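Working notes, structure below.
Bear in mind that the values here come from a model prediction, so they are computed numbers and not experimental data.
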Amino acid sequence: MTLSFKRIGAILIKEAHDFKTNINILIMYLIPILLAYIYDNFIPGMPRGFALSFGILFLVVMVGMYVPSMMIAEEKEKKTLEVLLLSPANSVEVFIGKGLLTFISIIVSFIILIAMFGGVDPDQMAVILVGGILTAVFCIQVGIIVGLLSKNQMATGVVGTPVYMALLLVPMLGSMGSPTLEKIAKVFPTYYYNDMLYRALNEFEGNHTLLDMIPELGILLGSIAVAFVLLLLVYRRRGLG
Amino acid sequence: MIEVNSLIKSYGDKRALKGISFQVREGEIFGFLGPNGAGKTTTLRILTGQLKADSGEAKIMDLDVMKGAKELHSHIGVVPEETNLYERLTIGQNLDLFCRLYGCDIKQTDYYLERIGMLKEKNTQVKKLSKGMKQKVLLVRALLHSPKILFLDEPTSGLDPASADTIHRILRELNDQGITILLTSHNMEEVDKLCNRVAFLNQGEIVEMGSPEALKLDHSNRRIKVLIDDGHGLASKELDMDSKESARLLSEWMTEGKVRSVHSCEPTLAEIFVKVTGREFA
């Protein structure tokens with residue numbers, strides 16, 4: 001199988017055109033920005049770092065999974081994927097094109113979020129950006145798996161919700177002091193990104209740099225590899241149809 | 001151009017294709033006729049590499065469909081039954097995507113849109129188009145990379161007569177330019193009008209194959225219908241083509257100037273289908 005940058009570019013351009021008019025998906029990008037704004041401005045005593053880290057976690061994890069799963073499920077539902085695969089494009093190029101659009105749009109929203117909070121210092125930026133990139137890659141792969149397992153857009157709710165909840169809520173609950181929940185949460189890679197965000201953005205945690213986060217980064221990299229293998233297995237078993 | 005031998009495909013316990021064989025010659029319009037569930041779409045999907053057959057052989061331009069589907073895709077254009085366009089995108093954005101994927105000149109889009117009279121609608125969102133217009137866009141999408149063979153699954157299903165006529169005209173023009181066409185349909189008139197040869201598919205088997213004219217002649221009862229004016233008004237008479245008495249009568253009526261019209265009584269393709277399969281065409 002050969003990969004063509006031209007074909008990936010063609011799919012990326014198509015996704016970008018589609019993205020602009022897809023209300024379902026656009027709303028998902030607004031939620032983390034809106035939530036972070038509400039937490040920061042309307043909840044008394046809420047530390048700024050928490051509001052920002054919640055917005056970033058929601059953006060990277062939830063949007064990262066939801067958007068590719070919906071894109072793939074919609075193509076399956078409307079049978080557009082069939083005709084795409086009748087062209088010289090192959091399934092890997094389709095995945096990369098869709099994943100890339102999700103990734104780029106997450107980074108753009110990420111910058112908007114940071115700017116909304118008046119920016120962060122370079123050490124903090126390095127931690128939340130590198131961790132965010134790795135977590136986004138992991139979550140996009142999970143989103144593609146959810147899309148492959150779902151027959152249509154409606155089914156992504158059934159297949160995806162438990163996965164989204166596990167990867168978004170459990171790590172957050174795990175960091176709230178319960179040792180049992182924390183033990184469970186440590187199974188999920190998003191726990192480690194949540195932890196990185198907390199340590200980097202909480203003013204009481206001191207100044208943490210990227211070098212302090214090597215174990216977490218290692219876990220995130222490993223999770224990407226595991227998700228990739230899982231994606232291959234699901235694709236081989238289920239295909240695109 | 002297309003060669004199929006003993007193609008078998010089952011879905012669970014149900015055998016959709018029971019070992020069909022046929023050939024399509026270069027430059028031909030070949031029609032697959034049959035009711036819903038006869039196996040037409042299954043055959044088309046196997047030939048376009050979207051579905052794997054259980055056994056048998058299918059070659060397009062000497063390429064084994066089962067082995068090299070991707071290589072084949074640059075030579076074929078496919079118009080599916082579903083209007084699977086990107087509804088939120090404009091016509092132009094839909095077509096540009098496929099131009100880029102095939103690496104063909106983006107100007108092809110304007111050329112074909114002009115040909116089907118839709119260049120003005122290029123920037124219209126697909127969801128705002130009628131079914132007939134969407135069908136034309138599907139046809140353009142299948143033609144962008146100048147395929148040698150065009151596969152169409154029920155190309156005029158659900159279209160009004162005017163839109164169906166436009167599609168027929170375009171298909172004839174494409175065929176005149178040398179494109180081989182294989183289409184499926186359950187519209188007998190469409191197939192009769194368009195196809196050089198047809199195959200009747202019934203419950204996964206080809207039960208009859210040939211040119212529409214040859215099939216009609218083969219199944220003709222060799223009778224003619226003569227409308228005569230016998231002085232008291234018009235009267236319809238049916239005569240046997242092979243009898244001397246019929247020849248004598250016809251000659252007599254013609255000499256007396258009574259004949260108003262003469263029609264041979266060939267069956268329609270739908271009647272032949274019922275005769276061959278014993279089931280109604282629905």
Side-chain angles (χ1 to χ4, degrees), chain A residues 1-28 67 70-98 100-101 105 151-153 236-241, chain B residues 11 41 44-45 47-52 65 68-104 106 123-128 134 137-145 147 149-151 153:
Chain A
M1 185 185 286
T2 53
L3 291 182
S4 152
F5 287 114
K6 269 190 181 176
R7 292 196 293 264
I8 292 170
I11 294 164
L12 184 65
I13 292 169
K14 176 250 148 189
E15 293 302 345
H17 285 312
D18 206 21
F19 179 83
K20 288 185 287 186
T21 50
N22 192 341
I23 303 291
N24 287 346
I25 283 181
L26 283 176
I27 283 174
M28 280 307 286
V67 172
M70 287 297 274
M71 283 178 177
I72 288 174
E74 187 182 15
E75 294 243 22
K76 282 164 82 173
E77 184 180 328
K78 297 185 175 163
K79 303 201 171 169
T80 43
L81 204 53
E82 282 182 16
V83 76
L84 211 52
L85 297 176
L86 276 172
S87 79
N90 57 52
S91 43
V92 177
E93 289 164 346
V94 173
F95 292 155
I96 294 176
K98 288 181 186 301
L100 210 52
L101 191 272
S105 53
K151 269 189 181 167
N152 49 42
Q153 293 177 88
R236 285 209 178 138
R237 205 174 165 83
R238 299 286 295 254
L240 281 170
Chain B
Y11 298 109
T41 301
L44 211 75
R45 291 175 74 86
L47 288 177
T48 52
Q50 294 172 280
L51 199 62
K52 286 256 180 276
V65 173
K70 222 46 193 170
E71 197 182 340
L72 188 74
H73 289 161
S74 56
H75 302 298
I76 64 169
V78 182
V79 179
E81 190 179 1
E82 306 88 10
T83 45
N84 57 356
L85 294 160
Y86 293 102
E87 297 268 326
R88 286 186 296 268
L89 300 188
T90 64
I91 296 174
Q93 287 166 344
N94 264 279
L95 298 177
D96 286 353
L97 165 68
F98 286 87
C99 265
R100 290 192 184 99
L101 290 176
Y102 282 103
C104 53
I106 226 110
N123 295 320
T124 307
Q125 262 187 320
V126 167
K127 65 180 172 192
K128 292 176 184 159
K134 285 181 186 174
V137 178
L138 284 178
L139 191 54
V140 170
R141 186 180 71 185
L143 292 169
L144 287 171
H145 58 294
I149 306 172
L150 197 57
F151 290 91
D153 196 2

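Heavy atoms of A/Ile13 lying under 4.5 Å from chain B belong exclusively to its side chain. If you measure heavy-atom distances from A/Glu93 to chain B, you find no contacts under 4.5 Å at all. Contact annotation for B/Tyr102: both backbone and side-chain heavy atoms come within less than 4.5 Å of a heavy atom of chain A. For B/Ile76, no part sits under 4.5 Å from any heavy atom of chain A, backbone or side chain. Using a 4.5 Å cut-off between heavy atoms, A/Ile11 contacts chain B through both its backbone and its side chain. Contact of B/Gln125 with chain A is made through the side chain alone, with heavy-atom distances under 4.5 Å.
Contact of the B/Arg141 side chain with the A/Val83 side chain is registered, since non-hydrogen atoms from C-beta on lie closer than 4.5 Å.
Between the A/Asn152 side chain and the A/Glu77 main chain, no donor and acceptor come within less than 3.5 Å of each other. Looking only at distances, a side-chain donor or acceptor of B/Asn84 sits under 3.5 Å from a matching main-chain atom of A/Lys79.
A salt bridge links B/Arg88 to A/Glu74: one of the charged nitrogens lies within less than 4.0 Å of a carboxylate oxygen. Looking at B/Lys134 and B/Glu87, a side-chain N of the basic residue comes within less than 4.0 Å of a carboxylate O on the acidic one, giving a salt bridge.
Note that the OG atom of A/Ser105 and the CG atom of A/Leu100 stand 9.5 Å from one another [nearest 0.5 Å].
Interface check for chain B: of the options A/His17, A/Lys78, A/Arg7, A/Lys6, the most heavy-atom pairs under 4.5 Å are formed by A/His17. By number of non-hydrogen pairs under 4.5 angstrom with chain A, the leading residue of B/Thr90, B/Asp96, B/Val78, B/Leu89 is B/Leu89.
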